[in-house]
Amino acid sequence: MSATSGSFELRPRGALIPPPDGPELVSFDLDAHGEAVVLWAGDGRPVITHGSEGEAVTLAHSAPEWPLVQLLPDDRLLVVGMRSEWRDGAGEHNAFVFGHDGSLERSGCLGDGIEHVKVAADGTIWVGYFDEGIFGNLGWGMGKGPEPIGHSGLVQFTRDFELLWEFPPSDNPIDDCYAMNVIGDDVWVCCYSEFDVALVRDGAVQRWRNDVASAKTIAVADDRVALFGHWEERDRLVIGHLSDADLKPRATTRLTMPNGRRIPEDARVVGRGAELHVLVGLERFTWSLTDQA
């Protein structure tokens, strides 16, 4: 990995191959094994491609608006819409599981205001919420409806959408789950408003104070953490070390394209494990924290 003029350059990873008929790329993420999971939509039914070979599955049901995609055990496909309205005494279903043949197997409600969805190695579903999913909107909370499902900011569900665990109340509650990364069964988050870095392992939470505000993506390798993005400096990259109680920054730099140019504003950035994955159009690029001394 090269570094020039105080910056680190992304490494090319190849291009995504769209399914036939050239549908539009709607959602891009990585599964628990680090393989791409992509939702495409066009004039026909939505298609999901996944795995190193880009296996394509045509869904028998339309995808929700603003979908997020993941791979469940046994190659089941999970599609979750970011929004869910509470109406007529029930939460709108926004989570859908599809089989190998694209048939809809089950659906459920994971709440409104969903920012992140990641499936862990054990097959459980981790969901991080933005402020409207925590404080209420679209009929949830706000003195008008039931407490939002995501009121804690971070929730673990079974693959059948049953609630398993919620982020516990504390002096520094989650107001918006800005960044989330799932490594094996461990969950790492960096959340507004204090921006502490937190690790959830076996139901216990460990937190580190952090003065690096507004990062949207997090990568982790042992006791090292990379925080990428900022409200104003969207290509800012901070590399830090976890002490007993604090994240201590070691370098503040920029992440750039391989030619040194800025990452386009419409790029999609995902953190999984120690890597940051950047999608520009259909071209994939990566940067790894493990490559840094």
Side-chain angles (χ1 to χ4, degrees), residues 1 8 10-11 28-34 36 68 70 114-121 125-131 134 150 152-156 167 172-201 204-243 245-255 263 267-279 285-292:
M1 187 68 59
F8 288 108
L10 290 163
R11 177 180 298 167
F28 166 79
D29 210 330
L30 302 173
D31 65 19
H33 307 290
L68 303 169
Q70 282 286 279
I114 293 175
E115 182 77 20
H116 306 280
V117 175
K118 291 285 189 292
V119 173
I125 302 165
W126 287 87
V127 181
Y129 297 81
F130 58 85
D131 54 358
I134 295 170
S152 71
L154 179 67
V155 182
Q156 180 190 26
F167 199 82
N172 296 326
I174 295 176
D175 293 331
D176 195 314
C177 187
Y178 267 42
M180 185 173 82
N181 190 336
V182 177
I183 306 172
D185 295 331
D186 291 345
V187 182
W188 292 85
V189 293
C190 183
C191 302
Y192 183 81
S193 60
E194 296 297 327
F195 292 109
D196 287 355
V197 170
L199 164 64
V200 181
R201 176 178 288 167
V205 179
Q206 184 175 3
R207 304 175 74 134
W208 292 265
R209 289 187 296 270
N210 170 39
D211 294 328
V212 180
S214 76
K216 298 295 290 184
T217 314
I218 183 172
V220 182
D222 299 321
D223 62 351
R224 290 178 294 160
V225 172
L227 297 173
F228 178 72
H230 183 266
W231 289 314
E232 298 175 349
E233 302 172 82
R234 56 184 173 79
D235 54 2
R236 183 197 65 180
L237 177 67
V238 179
I239 301 172
H241 170 78
L242 296 172
S243 68
D246 301 274
L247 173 66
K248 298 186 178 297
R250 300 301 189 197
T252 299
T253 180
R254 293 190 307 118
L255 190 61
I263 297 171
R268 304 167 190 256
V269 184
V270 176
R272 194 87 197 216
E275 292 185 329
L276 300 178
H277 294 251
V278 179
L279 186 68
F285 303 87
T286 59
W287 176 87
S288 179
L289 185 55
T290 60
D291 291 341
Q292 313 311 312

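As the structure is a computational prediction, the values presented were derived from the model and not from experiment.
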Rounded to the nearest 0.5 Å, what separation is found between the [atom1] atom of [X] and the [atom2] atom of [Y]?
X: I218; Y: W188; atom1: CD1; atom2: CH2; result: 7.0 Å
X: E233; Y: F228; atom1: CD; atom2: CZ; result: 11.0 Å
X: L154; Y: M180; atom1: CG; atom2: CE; result: 6.5 Å
X: S152; Y: I134; atom1: OG; atom2: CD1; result: 7.5 Å
X: W287; Y: E275; atom1: CH2; atom2: CD; result: 10.0 Å
X: L255; Y: F8; atom1: CG; atom2: CZ; result: 9.0 Å

Between E115 and K216, is there a side-chain N and carboxylate O pair less than 4.0 Å apart?
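Between K216 and E115 there is a salt bridge, with a charged N closer than 4.0 Å to a carboxylate O.
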
Residue pair V187, Q156: steps toward the side-chain contact (heavy atoms from CB on, under 4.5 Å) verdict
CA-CA 10 Å; V187 182; Q156 180 190 26; over 6 Å; no

For residues [X] and [Y], report the shortest heavy-atom separation together with the two atoms involved.
X: T290; Y: A221; result: CG2-CB, 4.0 Å
X: A267; Y: V278; result: CB-CG1, 4.0 Å
X: A219; Y: L276; result: CB-CD2, 3.9 Å
X: P249; Y: V212; result: CG-CG2, 4.1 Å

Can you name the salt bridge (Lys or Arg N to Asp or Glu O under 4.0 Å) partners of [X], sequence neighbours left out?
X: D186; answer: R201
X: R207; answer: D196
X: R209; answer: D246
X: D223; answer: none

Identify, with sequence neighbours excluded, every residue that meets side-chain contact (heavy atoms from CB on, under 4.5 Å) alongside [X].
X: S193; answer: D175
X: V119; answer: Q70, L72, L78, I125
X: A215; answer: L227, R236

Is any side-chain heavy atom of Y129 closer than 4.5 Å to a side-chain heavy atom of I174?
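They are not in contact (no side-chain heavy atoms under 4.5 Å apart), so the answer is no.
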
List in chain and number order the residues that pass side-chain hydrogen bond (donor to acceptor under 3.5 Å, both in side chains) with [X], two or more places apart in sequence or in another chain; answer none if no residue qualifies.
X: E194; answer: none
X: D131; answer: none
X: H116; answer: none
X: D29; answer: K118

Apply side-chain contact (heavy atoms from CB on, under 4.5 Å) to the pair V197 and V220, showing each step before the final yes or no.
CA-CA 11 Å; V197 170; V220 182; over 6 Å; no

Listed once per pair and sorted, the side-chain hydrogen bond (donor to acceptor under 3.5 Å, both in side chains) pairs that draw on residues 176-185, sequence neighbours left out:
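Qualifying pairs, neighbours excluded: Y178-W231.
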
Run I263 and L10 through side-chain contact (heavy atoms from CB on, under 4.5 Å) and show every step you take.
CA-CA 9 Å; I263 297 171; L10 290 163; 3.9 Å; yes

Under 3.5 Å, is there a donor-acceptor pair between the side chain of [X] and the main chain of [Y]?
X: R272; Y: H277; result: no
X: W208; Y: S243; result: yes
X: N210; Y: F195; result: yes

